[in-house]
Student: 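Shown below is the structure under consideration.
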Amino acid sequence: MTNSPGPTSDPKFLTIAEVAAIMRVSKMTVYRLVHGGDLPAVRVGRSFRVQEHDVDEYLRKSFFNAG
């Protein structure tokens, strides 16, 4: 068994603050997305973690073509 990075590697989890920085929104906006069910998250103790893939997927689905 090998530990090579790729599609079969473990998912990367981000904090709410990291997600907010990536999306360039406030942490409260990310909390609203999580609590509203728009952005899947895992609760770890008293905080949340969001898979990087889910952030990418949310942004891809939310893309708005203004042209």
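Basis for what follows: all heavy atoms, side chains included, without hydrogens, waters or symmetry-related copies.
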Student: Return all side-chain donor-acceptor pairs below 3.5 angstrom for residues 29-43, not counting sequence neighbours, or 'none' if the list is empty.
Tutor:
{"unit_1": "Thr29", "atom_1": "OG1", "unit_2": "Ser26", "atom_2": "OG", "d": "3.1"}
{"unit_1": "Arg43", "atom_1": "NE", "unit_2": "Gly45", "atom_2": "O", "d": "3.4"}

Student: Only pairs under 3.5 Å count here: list side-chain donor-acceptor contacts from residues 51-64, not counting sequence neighbours, and write none if there are none.
Tutor:
{"unit_1": "Glu57", "atom_1": "OE2", "unit_2": "Arg60", "atom_2": "NH2", "d": "2.6"}
{"unit_1": "Ser62", "atom_1": "OG", "unit_2": "Tyr58", "atom_2": "O", "d": "2.8"}

Student: Tell me whether Phe13 is reachable from Val19 by hopping between hydrophobic residues (I, L, V, M, F, W, Y) whose side-chain heavy atoms are closer than 4.5 Å.
Tutor: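 In one cluster with Val19: Phe13, no.
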Student: Taking atom CG of Leu14 and atom CZ of Arg49, what is their separation to the nearest 0.5 Å?
Tutor: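 Answer rounded to 0.5 Å: 9.5 Å.
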